Amino acid sequence: MDALLETALSVLLVFIAAIPALGAMPGFLSSHETTFSSIERMEEIEVDAGLSLVDANGHVLENKDAYDAFLKREISYSYFVSPSSFGDLGPLAASYPAGGIDGDLLGYFYLRSPLLEGNAGRLDLDGFASFFFSYFPKDDFFLSGDGFPALDFDLALEALSYLEEGGEKPSFYDIHLQAYLSARAESLSLLSTLDAFKEPLEAYERAFAAMAAYEFAAAAVCFLLSYLAVSFFPRLFSSSGMSVGGMFSSLRLRKEDGSTAEMWRKALYGGLSFLTSFFLLFLTVGFSFGFSILTVTLFPPVDYLVVLLVFFALFIIDKIPLLTDEKATVSEIAAGVSLFWAKK
């Protein structure tokens with residue numbers, strides 16, 4: 001019960017006190033601004049490279065939607081190569097964004113993007129075709145007159161019917177979807193090595209880590225205050241040795257013989273219990289600021305997740321004696337106290 005109350009109270013304190021306080025700290029505000037401006041810059045670079053998964057409204061596309069955008073350009077390019085092959089569906093194909101060397105969401109990056117100017121990643125048409133067919137089935141495409149891969153006309157018509165008329169999903173759809181996602185992942189990996197992208201990426205990583213440190217510290221203060229309010233002080237100053245949660249569960253802290261525990265015993269038990277329940281702080285952090293904070297380095301080279309595992313290990317170690325004849329936690333044994341059910 002105490003753990004639930006402490007976590008709930010600490011999250012509440014974060015929202016009503018810590019977040020407003022962080023908003024008044026220049027260091028946090030600077031890190032916050034740099035974090036999001038760096039994200040915007042990286043998104044702009046991805047757009048410039050033709051590799052963005054963000055639509056015109058700023059929404060991140062799901063994998064299927066991203067592939068559909070790619071597929072429409074494939075259909076458009078097939079139509080450009082041979083309009084007569086599309087019959088009555090030609091106007092629909094013509095309405096799609098242009099594909100080919102300048103419009104293809106993969107081809108533009110490797111063949112035209114200024115980001116690869118002078119870089120070993122720049123490909124010629126033969127090199128791009130080799131890259132393309134290392135992911136996509138070669139039998140589903142043909143090389144147009146300019147040497148660029150074009151989707152087979154029958155497959156393009158099948159896809160067009162599916163996208164516009166709700167027809168049956170093309171047999172090649174799932175294979176091409178995975179091929180596109182894999183090829184795009186390799187392209188993004190190359191993009192991340194470019195100086196133009198690395199600069200905002202590194203700025204983002206530094207700023208996000210600094211912002212996470214502020215948030216972690218704020219959550220830690222809130223968790224400490226909630227622990228003091230729910231468990232430590234109520235047990236320390238009450239003759240019954242009950243915490244706030246103990247008032248609901250009728251558990252009280254006593255010496256091993258059942259007599260009232262001295263204050264120093266209660267304080268020692270409270271301190272040890274705080275350490276062994278410290279992993280709950282990470283729930284506060286996660287529920288308040290998002291669990292992505294656990295991926296950030298706390299004290300280089302130690303990650304938050306490593307610290308979480310250490311404190312969770314302390315929690316487990318504290319409870320091990322419960323499985324023995326002692327029937328008590330390490331914290332209880334060290335302080336010479338036990339938790340008793342209050343008599344009704």
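It should be emphasised that the depicted structure is a prediction, and the values quoted were computed from it without experimental measurement. The residues of the chain are indexed from 1 along the displayed sequence.
- Using a 30° and 60° split on the angle between ring planes, Tyr227 and Phe232 fall in the tilted class, from 30° to 60°.
- Annotation: Phe80, atom CZ; neighbour count of heavy atoms from other residues, nucleotides and ligands within 6.0 Å does not exceed 12.
- Side-chain contact between Leu163 and Leu160 is absent, with no heavy-atom pair separated by less than 4.5 Å.
- Side chains of Tyr173 and Asp68: a donor on one and an acceptor on the other come within 3.5 Å.
- Residues Ser38 and Leu201 fail the side-chain proximity criterion, which asks for heavy atoms closer than 4.5 Å.
- No continuous path of hydrophobic side-chain contacts links Val337 to Ile333 [ILVMFWY only; heavy atoms under 4.5 Å].
- Looking at heavy atoms from C-beta onward, Ile39 lies in side-chain contact with Tyr204 at the 4.5 angstrom threshold.
- Applying the salt bridge (charged side-chain N to carboxylate O under 4.0 Å, His left out) definition to pairs two or more places apart or across chains, those involving residues 259-277 are Lys255-Glu262, Glu262-Arg265.
- Between Ala159 and Ile75, the closest heavy-atom pair is CB-CD1, 3.8 Å.
- At least one side-chain heavy atom of Asp104 sits under 4.5 Å from a side-chain heavy atom of Phe128.
- Looking at Ser85 and Tyr79, their side chains never bring a donor and an acceptor atom within 3.5 Å of each other.
- Under the salt bridge (charged side-chain N to carboxylate O under 4.0 Å, His left out) criterion, Asp152 pairs with no residue at all, not counting sequence neighbours.
- In this pair, Phe28 and His32 present their aromatic rings tilted. The plane angle is within the 30 to 60° band.
- Centroid-to-centroid, the aromatic rings of Phe136 and Tyr180 stay 6.0 Å apart or farther.
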Decide yes or no on side-chain contact (heavy atoms from CB on, under 4.5 Å) for Phe109 and Leu191, but give the supporting numbers first. CA-CA 9 Å; Phe109 175 58; Leu191 179 65; 4.1 Å; yes
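- Atoms NZ and OG1, on Lys319 and Thr276 in that order, are 4.5 Å from each other to the nearest 0.5 Å.
- Taking the ring centroids of Phe131 and Tyr110, they lie under the 6.0 Å cut-off.
- Ile316 and Leu272 fall into different hydrophobic clusters, where Ile, Leu, Val, Met, Phe, Trp and Tyr residues are linked whenever their side-chain heavy atoms come under 4.5 Å apart, directly or through other members.
- For Asp102, the salt bridge (charged side-chain N to carboxylate O under 4.0 Å, His left out) partners are Arg112, not counting sequence neighbours.
- Using a 4.5 Å cut-off on side-chain heavy atoms (C-beta onward), Leu89 and Glu165 make contact.
- Few gaps surround CD on Glu205; more than 12 heavy atoms of other groups in view lie less than 6.0 Å from it.
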One pair to check against side-chain contact (heavy atoms from CB on, under 4.5 Å): Phe315 and Leu275. What are the steps and the verdict? CA-CA 8 Å; Phe315 171 77; Leu275 288 177; over 6 Å; no
CA sep, side-chain torsions, deciding dist, call: Tyr77, Ser144, side-chain contact (heavy atoms from CB on, under 4.5 Å): CA-CA 9 Å; Tyr77 186 61; Ser144 66; 2.6 Å; yes
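- Counting only heavy atoms from C-beta outward, the side chains of Pro137 and Ile175 approach each other to under 4.5 Å.
- Separation of the Phe274 and Phe278 ring centroids falls under the 6.0 Å cut-off.
- Phe133 meets the side-chain contact (heavy atoms from CB on, under 4.5 Å) test with Ala129, Lys138, Phe141, Leu143, Pro149; sequence neighbours excluded.
- Using a 4.5 Å heavy-atom cutoff, the side chains of Leu51 and Tyr108 are not in contact.
- Legend: residues meeting side-chain hydrogen bond (donor to acceptor under 3.5 Å, both in side chains) with Ser78, ordered by chain and number and at least two apart, are absent.
- Few gaps surround CG on Asp257; more than 12 heavy atoms of other groups in view lie less than 6.0 Å from it.
- Atom CG of Leu181 is separated from atom CG of Leu188 by 10.5 Å, given to the nearest 0.5 angstrom.
- Around atom CD of Glu44, more than 12 heavy atoms belonging to other residues, nucleotides or ligands sit under 6.0 Å away.
- Connection of Phe153 to Leu155 is established within a shared hydrophobic cluster, with ILVMFWY side chains joined at heavy-atom distances below 4.5 Å, either directly or through further cluster members.
- From Glu215, atom CD reaches atom CE of Met211 across 5.0 Å, with rounding to the nearest 0.5 Å.
- Judged by distance alone, the side chains of Arg254 and Ser259 never bring a donor and an acceptor atom under 3.5 Å apart.
- You'll find the side chain of Phe172 reaches within 4.5 Å of the side chain of Leu71, heavy atoms only.
- Taken together through direct or relayed side-chain contacts under 4.5 Å among Ile, Leu, Val, Met, Phe, Trp and Tyr, Val47 and Leu105 form parts of separate hydrophobic clusters.
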Are Phe148 and Leu125 close enough, and set up right, to give a side-chain contact (heavy atoms from CB on, under 4.5 Å), and what steps lead you there? CA-CA 7 Å; Phe148 194 83; Leu125 279 167; 4.2 Å; yes
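- The hydrophobic clustering, which links ILVMFWY residues whose side-chain heavy atoms are closer than 4.5 Å, places Ile45 and Leu190 together.
- Side chains of Ser231 and Glu6: a donor on one and an acceptor on the other come within 3.5 Å.
- Residues passing the salt bridge (charged side-chain N to carboxylate O under 4.0 Å, His left out) test with Glu62: none are found, sequence neighbours excluded.
- Put simply, OG on Ser226 and CG on Leu9 are 5.0 Å apart, with the number rounded to the nearest 0.5 Å.
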